[in-house]
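As the structure lists them, so they are numbered: ligands from 1, and atoms in each ligand from 1.
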Amino acid sequence: MKVTLSHIKADIGSLPGHTTVHEDVVNQVRNHVKDHGKGIISDFHISSIGDDIQITMAHNLGINAKEVHGLAWDAFKSGTEVAKKLGLYGAGQDLLKDSFSGNIKGMGPGIAEMEITPRKSEPFIVYMMDKTEPGAFNYPIFKMFADPFNTPGLVIDNNMHEGFKFEIWDIIEGRNVYLNAPEEMYDIISLIGSKSRYVIKRVLTRETHQKLPDENVAVVTTDKLSFIAGEYVGKDDPAAIVRIQSGLPASGEAMEAFSHPYLVSGWMRGSFNGPLMPVGLKYSKMSRFDGPPKVGALGFVYKDGKLTGPVDMFDDPAFDGARKLASDIADYIRRMGPFEPHRLPDEEMEYTTLPKVMEKLKGRFVDMDSPQGSKNKGKKREAILDVE
Ligand SMILES: [Mg+2]
C-alpha cells in the first residue's frame, strides 16, 4: 500500500526576535496534532530549527490531503494563540490567510510531501533550514543524487548507476522541467546554479531502477514560491525529505553533502549571503546576526505506520570542522557590512530603502544623454571609454 510522508513547517512566532521558538508554542502544536490527528495520520514528530516549527507526519491519504493539511493548519493556528498571549515576535506571521480552504499551499506554511511505496526498511532524513531559501537545497540535493565525488554509490552500486531524474522549477515563469543525471548533468547545473530562480522540487528514480522504479525519493518545500511565481516576494526557510539506502544515497552520502558550508541567501532580514552551518538541533538558535543560516537533520525509519527515531544527525563532532569553517566564513563576510556580495543584489532583498533613496535623489541624477553629456549621445559605453 502507498504511504505518504508529509512535512509541513511554519514560523508562528519567536523569541526574542527571529532567534528561536518558544517551548509552550511547540507543545501546543504537538498537543493539537496528538489530540486531533487520530484517524488522519498514523504517526508524527514535532521539531524546530531557529524560529520555525516543523511537523513530520505519516499517513495514507496521499499528497495534498485536505485532512492532513487542515490538521497542520489548525495546529499552527492554535500555537499562534499561545504565541500571541506570550507576545512573541511575529506571532502567526506565516499564516497568511484567515481561514483554511482545503489546501495549505499558498497559505504561508512550507510543505514537502511524497507518496511512496514503502520498502522493507524505509529510512529517510528530514532536513530543515532556517534563514535561507528553497534554492539553498539545490547544491546538497545535486551532490547527493548526481555527484560521484560526494556519493560514490553512483559509481559502485548497480542500483544507482543509471542516475536520477530531477524536477526543476523556474519560479519566475512558474513552469517546471524534468532532467536526467548523469546525461543532462551540465544542463541541470546551468539551471540550478542560478538558485534564486531555478529550484529543485523533486528527485525521482529512473523508470529502469531495479529496486524502486519511478519513485519520488526527495522533495523540497517550495510552496510560497509557487504561488508567487512571476513576482519576487522574498525567502521561505525550506525543508526537505530525502529517502536513503537500498539503491538510493547511503545515510552518510546524504549527510556528506553538508560537510562543506557553502554560501546561501537569506541571512539577516532575508537580505544577506552567509555560510550554511550544519548543527545539532540543540544548537539551532539564530543568535549571531540572526544566524548564520543553519541546517538540521533528523533521521527516521518508517514501518507499518510508525516513525521510529529520530536521530539528530548533525549532533556529531565529525561536523565540527564544517561548523568551524562556517564560523570563519561568517567572520570574513560580515566585515563587508552592507556591501555586495554579502548583501544580496537589490532585486533579491527582502528589505530595501533603495526606492526611497532614488525618490529623494531623483532631481540630482544627471541624464548622461543630456546637454552636459551630449558629446557622448548615441555612443555605446565601450566606444566612449575607447575615445576617452
Ligand atoms: Mg525561519
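Taking the N/O/S atoms of Asp130 in turn, the shortest distance to the Mg ion (ligand 1) belongs to OD1. The atom of Asp52 that is an N, O or S and sits closest to the Mg ion (ligand 1) is OD2.
Residue Arg243 is tested with Ile116, Val219, Ile125 for a side chain to side chain contact (heavy atoms under 4.5 Å, CB included); the sole match is Ile116.
At a threshold of 2.8 Å, the Mg ion (ligand 1) has no backbone or side-chain N, O or S atom of Asp11 nearer than that distance.
Checked for salt-bridge contact, Arg197 and Asp170 meet the test: a charged N lies under 4.0 Å from a carboxylate O.
Seen from the Mg ion (ligand 1), atom OD1 of Asp51 and atom OD2 of Asp237 lie 180° apart in angle, a value rounded to 10°.
Between Val199 and Phe137 the shortest side-chain heavy-atom distance does not fall below 4.5 Å.
In this structure, Phe272 has its ring center closer than 6.0 angstrom to the ring center of Phe289.
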